[in-house]
Amino acid sequence: MKIFIDSADVNEIKEAINLGLCDGVTTNPTLIAKTGRKNAEVIAEICGLAGVPVNAETIGISYKEIITEGAELAAIAENVVVKIPMCKDGLRAVAYFAERDIKTTVTLVFNVAQALLAAKAGAAYIAPFVGRLDDISSSGMDMIRELVEVYDNYDYETEIVVASVRSPLHVKEAALAGADAITVPFSLINTLFAHPLTAAGIEKFLRDAGHK
Ligand code: E4P
């Protein structure tokens, strides 16, 4: 399973790359706003850090706006993936970009019907949001299991990038479900390395070896 970083913070992304944990990057308007910088400027800098797919999201929701913004984002670097919110005009734009070999991610996916439409439109990736479903007492991971099954049924090549990830349990369940990738906030990375028995074991080995 690929691990993407869900961040627009260049330092966080650099650290993830150094850890070997950056198969891709996802940004969104909220993450870009936190940087206080311009979208195009941040995306260009992230694209230069590693040759991995970098998701840059369009803001407008009309077909014309999405096409215009998406083309501008795609022109920034070869590894830009244009991230487009799930909506009718958005999926028309996905088809437009697919015809021109520009990769897209359909974001804000919350059920199988939306995922099917995104795949049929030619999306390279979808971003189903598990945490936000859990927040409203629905099971985000049940959705992921369904999406994996449905895409397998029809051999769709669209990759499932599990998004809105909040815990190591999400990471485990995404891998068990066979998702193609998961995009994790940087704050979660440290918790993925940790286990209390690992910490206790290292402590004991250090003590026994006379290092403490
Ligand atoms: C994914 O592409 C989104 O940027 C992100 O995972 C949203 O996560 P949130 O629900 O924690 O904001």
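When a residue number appears, it is its place in the shown sequence, counting from 1.
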### Task
Ignoring hydrogens and angles, tell me if any N or O in the side chain of Y156 forms a donor-acceptor pair with the backbone of A118 under 3.5 Å.
no
### Query
Hey, does the side chain of T27 reach the backbone of N55 with a donor-acceptor pair shorter than 3.5 angstrom?
yes
#### Entry: Main-chain N/O of G140 paired with D134 side-chain donor or acceptor, under 3.5 Å
yes
### T68 side chain to K64 backbone, donor-acceptor under 3.5 Å
yes
### Message
So does Y63 get a backbone contact from the side chain of D89, meaning a donor-acceptor N/O pair under 3.5 Å?
### Response
yes
### Query
Would you call D9 and K34 a salt bridge, taking side-chain N to carboxylate O under 4.0 Å as the test?
no
### Query
Looking only at atom types and distance, does a side-chain atom of E203 sit under 3.5 Å from a main-chain N or O of A199, one as donor and one as acceptor?
no
### Query
Does a salt bridge link D135 with R132, judged by any charged N lying under 4.0 Å from a carboxylate O?
no
### Task
Would you check if I84 and E57 make a side-chain contact, meaning some heavy-atom pair closer than 4.5 Å?
no
### Query
Taking C-beta and beyond as the side chain, do F186 and E15 meet within less than 4.5 Å on heavy atoms?
yes
### Message
Is there a side chain to side chain contact (heavy atoms under 4.5 Å, CB included) between V10 and R37? Walk through the geometry before answering.
### Response
CA-CA 11 Å; V10 171; R37 299 171 63 195; 3.8 Å; yes
### Query
Got a second to check how far K83's NZ is from T26's OG1, nearest 0.5 Å?
5.0 Å
### Task
Verify, without hydrogens or angle tests, whether H211 (side chain) and R207 (backbone) share a donor-acceptor contact under 3.5 angstrom.
no
### Task
Would you check if the side chain of T105 reaches a backbone N or O of I126 as a donor-acceptor pair within less than 3.5 Å?
no
### Task
Could you tell me whether the side chain of E69 and the main chain of I59 form a donor-acceptor pair under 3.5 Å?
yes
### Query
Does V54 offer a backbone N or O that forms a donor-acceptor pair with the side chain of N79 under 3.5 Å?
no
### Message
Against the six-membered ring of Y96, is R92 placed for a cation-pi contact (under 6.0 Å from the centre, within 45° of the normal)?
### Response
no
